[in-house]
Amino acid sequence: MTPAEVASLFRVDPKTVSRWANAGKITTVRTLGGHRRFSQREIRGLLSAVPGQRLQLG
């Protein structure tokens with residue numbers, strides 16, 4: 001998942017998602033072009049721990 005997709009799910013700014021990744025709160029992989037990608041499985045698990053959030057993945 002892209003930072004924008006994750007940000008949309010958590011209703012935060014994409015920069016916040018990048019900060020979470022830099023702080024080690026969520027894991028990320030880098031594409032060959034240097035872009036961040038996040039595991040849908042991990043994000044799904046984090047969303048389930050947030051009260052009031054509903055999972056709406058593609």
Side-chain angles (χ1 to χ4, degrees):
M1 299 181 73
T2 67
E5 292 169 333
V6 175
S8 174
L9 291 172
F10 283 99
R11 297 181 184 147
V12 297
D13 191 86
K15 290 284 187 186
T16 301
V17 176
S18 294
R19 285 188 202 102
W20 291 343
N22 289 339
K25 294 180 180 180
I26 53 177
T27 56
T28 183
V29 294
R30 295 275 186 162
T31 66
L32 292 176
H35 300 281
R36 294 179 193 264
R37 293 296 181 264
F38 301 92
S39 163
Q40 190 173 16
R41 179 174 286 164
E42 180 181 6
I43 299 306
R44 207 178 272 165
L46 292 171
L47 274 173
S48 68
V50 178
Q53 291 288 336
R54 290 182 5 162
L55 184 61
Q56 297 177 348
L57 299 177

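When a residue number appears, it is its place in the shown sequence, counting from 1.
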Quiz item: What are the two closest non-hydrogen atoms of Pro14 and Ala4, and how far apart are they?
Solution: CG-CA, 4.2 Å
Quiz prompt | Results of side chain to side chain contact (heavy atoms under 4.5 Å, CB included) for Thr16 - residues two or more places apart only | solution = Val12, Asp13, Arg19, Trp20
Exercise. Determine which pairs satisfy side-chain hydrogen bond (donor to acceptor under 3.5 Å, both in side chains) with at least one residue from residues 21-32, sequence neighbours left out, and list them in order.
Key: Asn22-Arg36, Thr27-Glu42
Practice problem: Supply the atom-to-atom distance Glu5 CD to Ile43 CD1, rounded to the nearest 0.5 angstrom. | Solution: 10.5 Å
